[in-house]
Amino acid sequence: MATLSIFGAQWGDEGKGKVIDRLAADVDYIVRYQGGANAGHTVVVGDKTYALHLIPSGILHPGRINVIANGVAIDPISFLGEVDGLIVRGVQINGDNLVLSSNAHVIFEHHKVVDGLAERWKGEGRIGTTGRGIGPAYADKASRTGLRIADLLDPERCKERLGAALAEKNALIKRVHEAEPLDLDSQLEKYSTLADRLRPFVADTGKLLRQAYRDGKSILFEGAQGVMLDIDHGTYPFVTSSNTGTGGIPAGTGFPPVWVEKSMGIAKAYCTRVGEGPFPSELTDEMGDHLCKVGREFGTTTGRARRAGWFDGVAARYAFELAGTNSWVMTKLDVLSGLGEIQVGVAYKHDGVRYEEYPAHLPCVEDVEVEYRTLPGWNEDISDVREWDDLPANAQGYVRALGDLVGAPVALVSVGPDRAAMVTCPK
Ligand code: IMP
């Protein structure tokens with residue numbers, strides 16, 4: 001494998017961190033290309049649990065080069081906090097194994113303030129963001145008022161551009177949101193100290209990655225969030241502010257799309273979503289509570305309880321097709337153990353029309369009725385299973401049925417949080 005993309009095929013939290021961590025052992029470069037510290041990847045190594053937000057999961061493997069490319073929105077406070085936290089726990093980090101793009105946009109204090117304030121105005125249209133300043137930072141990037149890491153490292157340019165940005169944001173914060181404005185001088189002082197600490201990590205990551213490819217190095221692109229949260233193709237407006245699928249790679253890295261050779265989606269054996277927005281197969285009953293409890297469904301980034309539901313084959317098929325997947329990894333199959341029967345969404349129904357294909361128009365998705373197929377469950381605890389033949393026949397049947405439903409074979413099944421808890425599926 002020379003270049004591989006890993007993406008989430010649901011609404012995020014599919015368990016990508018664990019899969020990426022496993023694959024990272026065999027690659028040279030691991031690259032984040034979109035999103036920011038809104039992501040949360042949990043990796044369990046032996047008795048240690050690591051919650052990564054901005055730093056690629058490859059950091060836990062010595063000798064790998066971890067890249068945060070230009071499409072990521074970087075909060076220097078989160079970034080350095082994560083670096084410090086990992087160093088304290090014995091992880092080796094320096095400018096050789098962790099590289100930041102000079103063209104990535106910076107998330108400032110004012111982006112986080114506006115993220116929180118703007119949500120309060122939205123009423124029913126509230127997105128339930130992570131509050132990490134993601135939307136406001138990407139909005140500034142598109143309006144050409146943002147600052148890139150390179151601007152932050154240049155004191156004169158930073159003063160000029162942050163001054164102009166804050167003048168506008170402070171007017172908004174004060175007059176529209178009736179909140180406390182931010183002081184430019186103290187912001188400049190704070191961010192110039194952070195800039196000094198960022199400097200050793202900064203490089204032209206597009207050039208670095210293209211050269212790595214030419215040198216025959218293997219590269220893993222690590223998607224954050226999931227396709228259903230993609231700004232263009234997800235459940236807009238209840239989405240994040242970046243392209244979360246494979247489509248985000250070329251723009252978010254400066255790496256040619258034709259050089260990305262394979263892609264692998266990650267989806268849970270059921271579904272979850274955190275924050276607001278349509279979720280057709282959501283279970284608001286005891287079964288939903290059961291999935292949340294057994295699956296420990298609490299956000300890695302915000303600690304919020306996730307919403308849970310049955311596997312949605314319509315949305316997953318759409319996500320896999322959009323991102324173009326060769327095979328996929330089904331995570332958390334162990335959570336379904338002990339259920340007599342398991343439901344799987346196979347079609348949507350709306351106003352008397354049956355949809356096997358995901359309808360792109362949001363109002364239809366908001367109140368569709370899901371048509372389910374019932375599959376038989378299994379009682380055995382499968383968390384110690386490591387071989388396909390040791391899985392109960394109904395668990396094997398469930399994996400095969402979901403592969404057929406979404407039109408892409410399942411390559412691996414994850415049956416527990418630990419790195420080793422994986423079963424390889426027969427071809
Ligand atoms: P934002 O990305 O903070 O603007 O939040 C937008 C929406 O995406 C909200 O519904 C969040 O809960 C959701 N979201 C953002 N990042 C993640 C993630 O890593 N996992 C799951 N949901 C996420």
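FYI, side chains are in, hydrogens and waters are out, and symmetry mates aren't considered; it's all heavy atoms of this structure. We count ligands from 1, going down the list as the structure has it; atoms in each ligand are counted the same way. Source: prediction; values computed, not measured.
Each of the following atoms of ligand 1 lies closer than 4.0 Å to a heavy atom of R304: 11 (C), 12 (O). For ligand 1, the atoms closer than 4.0 angstrom to any heavy atom of L229 are 8 (O), 13 (C), 14 (N), 22 (N), 23 (C).
Between F311 and M330, the closest side-chain pair of non-hydrogen atoms is not below 4.5 Å.
Ligand 1 has at least one atom lying under 4.0 Å from a heavy atom of G128. At least one heavy atom of A39 sits less than 4.0 Å from an atom of ligand 1. The shortest heavy-atom distance from W11 to ligand 1 is under 4.0 Å. Remark: distances from the non-hydrogen atoms of Q225 to ligand 1 include one below 4.0 Å.
Evaluated by nearest non-hydrogen atom to atom 5 (O) of ligand 1, the leading choice among V239, V274, T129 is T129. By heavy-atom distance, the residue among T130, I231, I127 lying nearest atom 15 (C) of ligand 1 is T130.
The pair K122-E276 does not meet the salt-bridge criterion, since no charged nitrogen lies less than 4.0 angstrom from a carboxylate oxygen.
For atom 2 (O) of ligand 1, the closest non-hydrogen atom of the protein is T240 OG1, 2.6 Å. Among protein heavy atoms, atom 20 (N) of ligand 1 sits closest to D13 OD1, 3.2 Å.
Between the side chain of N70 and the backbone N or O of A251 there is at least one donor-acceptor pair closer than 3.5 Å. Side-chain atoms of E222 never come within 3.5 Å of backbone atoms of I30 as a donor-acceptor pair (strictly under, hydrogens ignored). When atom types are taken as modelled, the side chain of Y138 and the backbone of T240 share no donor-acceptor pair closer than 3.5 angstrom.
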Margin query: Between K18 and D21, is the salt bridge (Lys or Arg N to Asp or Glu O under 4.0 Å) condition met? List the steps.
Written below: CA-CA 5 Å; K18 176 184 158 177; D21 169 66; over 6 Å; no
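Ring geometry for W121 versus H177: interplanar angle over 60°, hence perpendicular rather than tilted (30 to 60°).
At least one N or O atom of N38, backbone or side chain, sits closer than 3.5 Å to an N or O atom of ligand 1.
No hydrogens or angles considered: nothing links the side chains of Y33 and N243 as a donor-acceptor pair under 3.5 Å.
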